[in-house]
Amino acid sequence: MAVLLLAEVTGGELQLDATAKAVTAVKGLGDVTALCVGAHARAAGEAAAKIDGVARVLVAEDAIYGHRLAEPTADLIVSLAGDYDHIAAPATTDAKNIMPRVAALLDVMVISDIVGVVDADTFDRPIYAGNAIQTVKSSDAKKVLTIRTSTFDAAGEGGAAPVENVAAAANPGLSEWVEDTAAESDRPELTSADVIVSGGRGVGSEDDFKLIETLADKLGAAVGASRAAVDSGYAPNDWQVGQTGKVVAPDLYIAVGISGAIQHLAGMKDSKVIVAINKDEEAPIFQVADYGLVADLFDAVPELIEKL
Amino acid sequence: MKVLVPVKRVIDYNVKVRVKADGTGVDLANVKMSMNPFDEIAVEEAIRLKEAGKADEIVAVSIGVKQAQETLRTALAMGADRAILVVAADDIHTDIEPLAVAKILKAVIDEEQPGLVLAGKQAIDNDMNATGQMLAALLGWSQGTFASKLDIEGDHALVTREVDGGLQTIKVKMPAIVTVDLRLNEPRYASLPNIMKAKKKPLDEKTPADYGVDVTPRLSVLKTAEPRERQAGVKVGSVDELIAKLKDEAGVL
């Protein structure tokens with residue numbers, strides 16, 4: 001049994017954490033070949049070769065892979081697929097773009113966002129934004145998987161796998177990269193932040209939402225918002241945490257003025273530690289909070305900012 | 001240009017999901033169902049393209065149970081021109097896999113020849129995030145996934161995508177599949193007169209057999225379980241106590 005793992009490479013650099021966690025998820029399935037794709041991917045390949053559990057590294061360097069566009073990258077993976085029973089990748093936005101395309105080209109179902117490997121054909125994955133965990137068994141000859149990395153520990157380093165080059169596949173010429181715009185703020189990205197401070201309808205206005213941002217900046221945290229706060233115009237849509245927004249699992253999640261609607265809880269209940277600040281002691285958010293403070297947020301948050 | 005918009009009937013996003021006690025799935029009986037929120041955004045974008053004179057016809061397609069008719073009527077009430085329902089299951093608990101959905105959509109597209117497909121980036125039930133990409137693969141078309149901005153310019157489209165760590169803009173060749181993310185627009189509510197008018201818009205019913213597609217699932221669901229329950233914690237009496245707990249007990253500050 002052999003596994004082809006699409007390593008996460010951004011701008012020529014290996015994203016070690018995501019890749020090493022994905023290695024942990026799949027190394028029980030067979031020898032792991034890590035595939036590093038990019039305009040420049042050799043250095044990423046050398047880095048991937050050191051991950052424990054990686055048996056071989058393939059490097060595909062070509063200008064057409066510079067931004068890992070789905071169409072050429074999927075064609076490359078399909079050109080290599082013959083030797084492998086499992087084709088996997090950490091569930092980043094790049095992989096979620098590429099892997100279903102790979103699966104369809106191979107006429108197999110993709111199995112997205114797995115959180116557990118039961119055996120070579122059977123995997124656990126969250127559905128309904130994590131409100132249920134489904135165990136699915138694939139009858140396909142090849143399994144195409146993406147891996148939710150937050151549930152696996154990173155594999156260590158110390159390996160010395162051989163690194164080989166592979167030829168680029170033909171460019172289908174369907175799309176071109178135009179530009180990347182990095183997130184404008186200095187704050188960490190919501191889905192990978194260690195700490196998140198989120199505000200809800202209780203914050204009351206766009207102006208008062210600054211209070212949430214100040215607390216976040218004090219903690220070096222990302223800022224989130226409930227759908228109610230977004231719908232009320234207090235916060236932009238890309239801050240939305242919940243079933244229809246982003247699903248997050250930081251070490252610390254501070255929910256301020258958030259009642260805890262089901263759709264919000266679905267997006268944050270896997271956080272390690274949850275703090276809720278709300279003046280309504282009956283608010284459902286307290287049922288999932290590790291630490292609840294029943295207080296007016298306009299008293300508690302400024303005090304928190306001052307004392308931290 | 002004709003725009004095709006696939007829509008899915010899913011559990012309403014405000015309903016608490018209950019796993020059936022016997023572990024066979026999620027209970028959908030007598031539960032409020034709605035259009036997948038991401039699909040509403042796709043329908044809205046198609047309507048805006050039509051209003052801007054860039055699209056002339058919007059065809060909504062749903063694949064699933066007969067009740068998905070209601071979802072299509074919602075799309076028609078929002079502003080789609082006609083609808084196609086492919087009845088692929090009798091039981092409301094049967095979820096047609098993205099690969100089979102993509103195959104049916106490919107057959108519909110071969111007939112309809114749209115210039116653009118606008119789809120939700122994922123359905124909030126199976127969370128697979130796959131149908132658009134799979135459809136693009138089967139058609140050999142370009143794909144612009146997780147779109148937060150879309151500009152159609154002749155034979156290509158500029159798609160701004162929500163990616164880890166920011167935004168990426170790509171130029172895709174038309175015809176294309178674009179899957180939409182939350183920031184693209186805010187869907188309108190259908191007005192009562194439009195809801196009435198939607199009842200008279202054409203809705204064709206088909207079956208997977210009409211398109212020669214086998215919808216047998218590739219994945220069998222062995223069980224569906226509740227996620228690990230979270231224990232309610234403690235209430236603290238003051239900000240000082242909260243800070244102390246976070247520092248000493250939780251070790252997160």
Side-chain angles (χ1 to χ4, degrees), chain A residues 69-71 74 92-93 96-97 100-101 103-105 108-110 112-113 122 126-140 174-183 189 237-238 240 243-245 251-252 262-263 269 273 286-294 300 303-304 307, chain B residues 11 13-17 19 26 37 97-99 102 124-130 133-134 136-138 141-143 145-146 158 162-173 182-183 218-227 230 232-236 239-240 242-243 245-246 250 252-253:
Chain A
L69 294 169
E71 302 88 347
T92 59
T93 45
K96 288 178 173 183
N97 189 29
R101 189 168 180 111
L105 292 172
V108 303
M109 248 312 279
V110 67
S112 307
D113 257 332
T122 314
I127 55 172
Y128 291 96
N131 279 304
I133 305 293
Q134 204 171 52
T135 305
V136 294
K137 185 179 170 77
S138 168
S139 58
D140 284 322
L174 293 167
S175 59
E176 293 167 41
W177 172 83
V178 178
E179 64 171 351
D180 285 337
T181 320
E189 208 254 319
N237 211 354
D238 55 323
Q240 192 186 140
Q243 177 147 1
T244 52
D251 292 337
L252 174 61
I262 292 143
Q263 94 93 24
K269 67 185 174 46
V273 175
F286 288 121
Q287 288 162 23
V288 300
D290 299 285
Y291 302 106
L293 177 61
V294 180
E303 188 183 342
L304 202 49
K307 290 182 173 166
Chain B
I11 196 166
Y13 75 89
N14 270 318
V15 171
K16 171 137 180 75
V17 171
V19 174
V26 162
E97 285 177 353
L99 180 61
I124 61 165
D125 51 3
N126 67 33
D127 281 338
M128 205 58 101
N129 190 335
Q133 298 90 315
M134 292 188 126
L138 298 178
W141 288 10
S142 61
Q143 66 187 56
T145 53
F146 326 144
L158 284 172
E162 301 230 0
V163 296
D164 294 333
L167 298 171
Q168 178 187 62
T169 303
I170 58 171
K171 184 171 160 181
V172 298
K173 203 164 139 182
L182 284 178
R183 269 206 284 181
R218 305 295 185 83
L219 305 178
S220 53
V221 178
L222 302 186
K223 68 168 195 252
T224 305
E226 295 265 7
R230 217 184 155 97
V234 295
K235 292 254 172 73
V236 293
V239 168
D240 290 326
L242 176 63
I243 293 173
K245 292 270 191 197
L246 291 177
V252 288
L253 284 186

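Just so it is clear, the values below take in all heavy atoms, side chains as well, and ignore hydrogens, waters and symmetry mates. In what follows, chains are A, B, ... by sequence order, proteins preceding strands, each numbered from 1.
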Look at [options] and state which one has the largest set of heavy-atom pairs under 4.5 Å with chain B.
options: A:L304, A:V294, A:D113; value: A:L304
options: A:T122, A:L69, A:V110; value: A:V110
options: A:Q134, A:M109, A:Q263; value: A:M109
options: A:T92, A:N131, A:D238; value: A:D238

Distance under 6.0 Å and angle within 45° of ring axis: B:K235 vs A:F286: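 The answer is yes, since B:K235 meets both limits relative to A:F286.
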Checking A:N237 side chain against B:L182 main chain: does a donor-acceptor pair fall under 3.5 Å?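 A pair under 3.5 Å: yes.
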Which atoms of [X] come close to chain B, meaning under 4.5 Å heavy atom to heavy atom: side chain ones, backbone ones, both, or neither?
X: A:A74; result: neither
X: A:L174; result: both
X: A:E71; result: side chain

Check whether any side-chain heavy atom of B:L158 sits under 4.5 Å from a side-chain heavy atom of A:V178, and report yes or no. yes
Closest non-hydrogen atom pair between A:S175 and B:V172, with its separation: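 Taking A:S175 first and B:V172 second, the nearest heavy atoms are CB-CG1, 3.9 Å.
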Residues B:P227 and A:G130: closest non-hydrogen pair is CG-O, 3.2 Å
Using a strict 4.0 Å threshold on nitrogen-to-oxygen distance, state whether B:K245 and A:D290 make a salt bridge. no
Side chain, backbone, both or neither: which part of B:P37 has an atom under 4.5 Å from a heavy atom of chain A? side chain
Less than 3.5 Å apart, any donor N or O on the side chain of A:N97 or B:Q133 sitting next to an acceptor on the other?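 No, no side-chain donor-acceptor pair sits under 3.5 Å.
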